[in-house]
Amino acid sequence: MQNKTYDIIIIGGGVVGCSIARELSKYNLKVALLEKEVELAFGVSKSNSGIIHPGTQTKAGSLKGRLCVEGNILIRKIAKELGIDFQEVGELIVAFSKDDIAKLEEIKIEAEKLGVKKMSIVDQSWLKENEPNLSKDVVGALFIPSAGIISPYRMTYDLSENAAKNGVEIFTDNEVKGIVVKKANDLEIMTTQRVLKTRYVINAAGLFADDISGMVGLDDFKITPRKGQEFLLDKKRENVVNHIIFPLPTKTSKGVLVIKTSDGNPMVGPTAQDVDDKEDLSTTDDGFKEVLSAVKQMIPSINDSDIIAYFSGLRPVAGEDFIIRHEASVPGFINVSGIQSPGLTAAPAIAKMVCSILQENGLTLIRKKDFKRYRNETTHLFKISKDKARKLIKENEGYGDIVCRCEMVSRKEIEEAIERGATTLDGVKFRTRAQAGRCHGGFCTTRILKILSEKLNVPITEITKRGKGSLIVKGKRAR
Ligand SMILES: Cc1cc2nc3c(=O)[nH]c(=O)nc-3n(C[C@H](O)[C@H](O)[C@H](O)COP(=O)(O)OP(=O)(O)OC[C@H]3O[C@@H](n4cnc5c(N)ncnc54)[C@H](O)[C@@H]3O)c2cc1C
């Protein structure tokens, strides 16, 4: 057991924790991030819609509304600095009647109060030209150009890599088990592997933020998981929509959407159902039927045969709004909790807010002179032109050795993912898309296992899908 002292310890390696880590890495501070899973981005941040929301369906005056609009602006600069694939594709909230159009006007007014810009109500002829697969029953829509799409896991990994390059120490497979408050700004954190001392703790533990808060005696909120089931379409339907298509929002969610994703496969969903179990990531036939019937009203040509994969995510809900505050009764403890949707969008703004809270509570922030702002963009064959791919293959034959045929992922990309931190099959999938296509890894899993085993220098019988309890190959520990 080590016993190191830090200025700040962040608990949780999702998009929020990693955004905070990268923001804090701009300053002369000793920062660590603790994550219970064997890799980062294995919590809520791996299973969401990947939308950078413009701020249209969040109440003016809410914290999440303000941080969503700020995050939507901040992500553009961060994406350029870190080579993250952000695309501003725009969204349409569709209306089926005159009454619906009146509701769109209300959404527009509310969003304008939050600072959302350049929105317009578009008519049927605009929609026919720009979104030809929309149902003929759609009579108009609110067009919000500033909505975008991003890969939520690649965003998390790119933020964490840059944070680590700037000195943040990242400890995965370190579940926080207890926190001892010795005195103001003197806290001791016990994980499954080490004991660490710190002046400030930032609780960004997603679904488990209430448990972490409880460790310092604060139990005034409870996280209720709200399940969202999502269904991915085959890439052959890549152009089924040009924008993200929303219905009018419901009381509990933004409704069931047709989503463009940064990987090309369109996606439909999510459902919104409160559940008790923080680990329940099951999908159901009922969820599928609900989603399909809702999207068919907007895009009738989407069929069940288009669906190639499905997953669930759990929104960490703690009341209506985010809870981001310094806890005066435990000086040095900052809650960043209840970060439900639009937490992915808001993450960069949450990180800035946390820095301000730290400053207001006694931390001096001095900018690093040698902060490394930029990160080289990761190469993905599926994202580049054939000419560029040919050139790369000439320079390095590993790019010509295609491991995942469905998604066109080469050996070189998988090796790079491992060099960048992937230790599991899912870690490789989230970074490269290998195993994410129509065959679900049927052809490439054994090859990826072998590459992982060779690069990490561990027996193939020790490689897991996603950490503890997910070994793939049974047998002797020989290679
Ligand atoms: C279905 C769905 C769709 C969504 N769509 C969107 C969208 O399109 N746009 C958008 O902006 N938002 C969206 N969201 C919301 C968004 O995904 C979340 O707000 C965001 O991912 C939360 O990130 P986080 O870092 O707070 O949580 P997480 O990613 O869950 O990170 C918390 C981390 O803390 C770790 N942890 C927990 N307990 C401990 C412990 N004791 N010790 C150490 N580590 C611990 C966890 O393992 C986890 O990795 C969606 C959410 C869902 C479920």
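Atoms within each ligand, like the ligands themselves, are counted from 1 in listed order. We're numbering straight along the sequence, starting at 1. Heavy-atom basis, side chains included; hydrogens, waters and symmetry copies ignored.
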K.L.:
Anything with a heavy atom under 4.0 Å from ligand 1 counts, so go ahead and list those protein residues by chain and number.
P.N.:
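Within 4.0 Å of ligand 1, the protein residues are Ile11, Gly12, Gly13, Gly14, Val15, Val16, Leu34, Glu35, Lys36, Glu37, Gly43, Val44, Ser45, Ser47, Asn48, Ser49, Gly50, Ile51, His53, Asn174, Glu175, Val176, Ala204, Ala205, Gly206, Phe208, Ile212, Gly228, Glu230, Pro270, Gly313, Leu314, Arg315, Ile339, Gln340, Ser341, Pro342, Gly343, Leu344, Thr345.
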
K.L.:
Do Glu175 and Lys468 sit within salt-bridge range, that is, some charged N less than 4.0 Å from a carboxylate O?
P.N.:
no

K.L.:
Mark yes or no: Lys80 above the aromatic ring of Tyr374, with NZ or CZ under 6.0 Å from the six-membered ring centre and no more than 45 degrees from the axis.
P.N.:
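Negative - Lys80 is either too far from the ring of Tyr374 or too far off its axis.
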
K.L.:
Is there a donor-acceptor contact under 3.5 Å linking the side chains of Thr56 and Glu110?
P.N.:
no

K.L.:
According to the interplanar angle, ranging from 0 to 90°, do the rings of Phe231 and Tyr310 count as parallel (below 30°), tilted (30 to 60°) or perpendicular (above 60°)?
P.N.:
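Phe231 and Tyr310: tilted rings.
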
K.L.:
For a 4.5 angstrom cut-off between non-hydrogen side-chain atoms, does Ser337 reach Asp210?
P.N.:
no

K.L.:
Verify the distance criterion only: is there a donor paired with an acceptor across the side chains of Arg438 and Asn265 at less than 3.5 Å?
P.N.:
no

